**Student:** 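For reference, the structure I am asking about is given below.
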Amino acid sequence: MDLSNLTITKARKALDEKEFSALELTNAYLENIAKRDGDLPAGRQGIHAYLEVWEKEAREEAKKADERIARGESMPLTGIPLGIKDNILIEGRIASAASKILENYRASYDATVITKLKEQDAVFLGRTNMDEFAMGGSTENSAFGPTRNPLDTTRVPGGSSGGSAAGVAGHLALAALGSDTGGSVRQPASFTGLVGLKPTYGAVSRSGLIAMASSLDQVGPLTRTVEDTRILFDAIKGHDPNDSTSLPDTASAPKPMRRVIGIPRAFLKEGTDQDVLKEFESTVQELKDAGYEVRELEMPNLAYSLAVYYILMPAEASTNLARFDGIRYGLSVPADSIGEVYSKTRGKGFGPEVRRRILVGTFVLSSGYVDAYYRKARSVRELIRSDFARAFESVDAVVTPTSPTPAFTLGEKSDPLAMYAADIFTVPVNLAGVPALSVPSGTVERDGKKLPVGFQLIASHGGEETLFKIGEDVETTRI
Amino acid sequence: MTNEIDVAALARLARLEVSDPELTKLEKEIPDILAFVETIQKADVGPEANAPTLRNVMRADENPDEGGIYTEKLLEAAPAREGNRIAVKQVVSRKSGQGGSASGRK
């Protein structure tokens, strides 16, 4: 079976027309995983997209999907083999968030997104590698070793949903779920030539997603096409009473498209590779040729985004991660007093980047500093939000490169601040709570290899359909 | 403003054991990160920026589920249990008066 050009749409058709069965499809992916994901002969590096492959369960799920297809009751994702980021709970299975502190933790319940996928009889191939607790942009912060970019194994697949991206790009899954707090779906999509969506804050339930920064986190799909992203998003979205931040299902009529896009050009210059900017500009030109009007935008507060993000995110993460204390679940290091159980468990269980962010978060929330850091950052966040609100009065979408660079090499960004700077174009989106889509838009060359770069489209709250429409135009013009 | 950060004190507040070599590393990294985020001090924040944008969600103050139906499932995840309870070290110690609930202050 040739998986190299397969999409959810094509697989759906083939499954329903009985060209192949869900079991055959699942087996084809499992074979690819066996061939390419682990250590390879002659010292070649495997991709390491998965922390665990659920062969037996996946085959059972595929058989169930085949029964549903035979009854003529298939749904869009019935029998579609997916990778699931290791911070999304599936009852009875390990969900470790790529952390030693949850290495042996088995989920007590299904995440709402999983319940929705189970209702369609989708197939779960395995849990995908990630930066520990989704903290990072390269998947090098996993406690269980890095994932490699299938397009060039000396490079990272991006992060934090790097395992999900590498899995789909390497044909080890047809599509995958990731989570995006500051770019963790879109940046790996950009680095691996995929489509990645960060939905509107509240569009997809976060119940059963291991929390990092609760005012920013969203679950999102990584797929090969915009159409596949739409299918996966439609399957997982919707109001959930188990997530108090989930938005009510109000069927608001989609805003009419004006076919106008805006560029915050002053924001794009700093630190962006020249050839990445060139690819971005040529995509903009192609949209112009396709009939879009392009406007220049003034969004002066975007310049504060990284600083705001690197205050609010650690503040929320340090609060969320307080629950990992060796008492209710996960690792527990024995000690003489309960205070030492806490500190030894957390010291041993959390990796260096997680510890760093907990400490920064503790500082910005500490008495005497909370006004100057946390509260001030919250106010500046509102300025960023208003910049977007003003922009959407005149444009359908704000466009930027997804990342200022293509995939970098393993070990290249050892300084935490250098790694943080790579999030420049993605974090404003999470701060504003708006949806954004990364679509492949050409390649740049590094060390003789062509590497993909992503084009980021940002729409107003609830504007996913706008993103898909423009995204499909980018897809058409860039092929 | 961030020159005199006591990382060891922060680690105590965060209930996080940090080794001495790591402490030395963090004593450089954390001030660097804080110096970087300090650029927000330049932002001109008007009063309109403080308007809340989140909506509150409440539910009735009652038990949503029958008692006990999830007990076994949740206890299975606990590192130590005694019967239907999670077992923990003594929280308040009579002898020292502070026991495990050390305040994290010097």
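Keep in mind that what you see is a predicted model, and the values were worked out from it rather than measured. Protein chains get the first letters and strands the later ones, always in sequence-line order, with residue 1 at the start of each.
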**Student:** Supply the atom-to-atom distance A/Y304 OH to B/D44 CG, rounded to the nearest 0.5 angstrom.
**Tutor:** 8.0 Å
**Student:** Heavy-atom distances under 4.5 Å only: say whether B/L26 touches chain A with side chain, backbone, both or neither.
**Tutor:** side chain
**Student:** For B/K25, which atoms come within 4.5 Å of any heavy atom of chain A: side chain, backbone, both, or neither?
**Tutor:** side chain
**Student:** Can you tell me which portion of A/D336 sits under 4.5 Å from chain B's heavy atoms? Options are side chain, backbone, both or neither.
**Tutor:** backbone
**Student:** Give, for atom OG1 of A/T362 and atom CZ of B/R12, the distance between the pair rounded to the nearest 0.5 Å.
**Tutor:** 12.5 Å
**Student:** Using a heavy-atom distance cut-off of less than 4.5 Å, which residues of residues 58-66 of chain B contact chain A?
**Tutor:** none
**Student:** Considering only NZ, NE, NH1 and NH2 on the basic side and carboxylate oxygens on the acidic side, decide whether A/E340 and B/K89 come within less than 4.0 Å.
**Tutor:** no
**Student:** Under 4.5 Å heavy-atom distance to chain B, tell me which part of A/A335 shows up: side chain, backbone, both or neither.
**Tutor:** backbone
**Student:** So which residue, B/T39, B/I33, B/I86, B/V88, ends up with the most heavy-atom pairs under 4.5 Å with chain A?
**Tutor:** B/I33
**Student:** Between chain A and each of B/V7, B/L10, B/V57, count heavy-atom pairs under 4.5 Å; write down the option with the most.
**Tutor:** B/L10
**Student:** So which of A/R106, A/K348, A/R355, A/K344 has the largest heavy-atom pair count under 4.5 angstrom toward chain B?
**Tutor:** A/R355
**Student:** Hey, is the main chain of B/A14 close enough, under 3.5 Å, to the side chain of A/R346 for a donor-acceptor pair?
**Tutor:** yes
**Student:** Under 4.5 Å from any heavy atom of chain A, what part of B/E22 do you find: side chain, backbone, both or neither?
**Tutor:** side chain
**Student:** Under 4.5 Å from any heavy atom of chain B, what part of A/F350 do you find: side chain, backbone, both or neither?
**Tutor:** side chain
**Student:** So which part of A/T319 gets closer than 4.5 Å to some heavy atom of chain B, the side chain, the backbone, both or neither?
**Tutor:** neither
**Student:** Heavy-atom distances under 4.5 Å only: say whether A/V341 touches chain B with side chain, backbone, both or neither.
**Tutor:** side chain
**Student:** Please report the closest heavy-atom contact between A/V380 and B/A43, naming both atoms and the distance.
**Tutor:** CG2-CB, 3.7 Å
**Student:** Measure distances from B/V37 to the heavy atoms of chain A and classify the residue's part below 4.5 Å as side chain, backbone, both or neither.
**Tutor:** both
**Student:** Side chain from CB out, backbone as N, CA, C, O: work out which of these in A/L417 comes under 4.5 Å of a heavy atom of chain B, or both, or neither.
**Tutor:** side chain
**Student:** Could you tell me whether a side-chain N or O of B/Q41 sits under 3.5 Å from a main-chain N or O of A/A372, the two making a donor and an acceptor?
**Tutor:** yes
**Student:** How close do B/V45 and A/S379 get, counting heavy atoms only, and between which atoms?
**Tutor:** CG1-CB, 3.3 Å
**Student:** Can you tell which part of A/Y309 gets under 4.5 Å to a heavy atom of chain B, answering side chain, backbone, both or neither?
**Tutor:** neither
**Student:** Side chain to side chain contact (heavy atoms under 4.5 Å, CB included) for B/K73 and A/Y109? Distances and angles first, verdict last.
**Tutor:** CA-CA 9 Å; B/K73 231 176 214 176; A/Y109 63 101; over 6 Å; no
**Student:** Taking side chain as everything from C-beta outward and backbone as N, CA, C, O, which of these in A/Y105 sits under 4.5 Å from a heavy atom of chain B? Side chain, backbone, both or neither.
**Tutor:** side chain
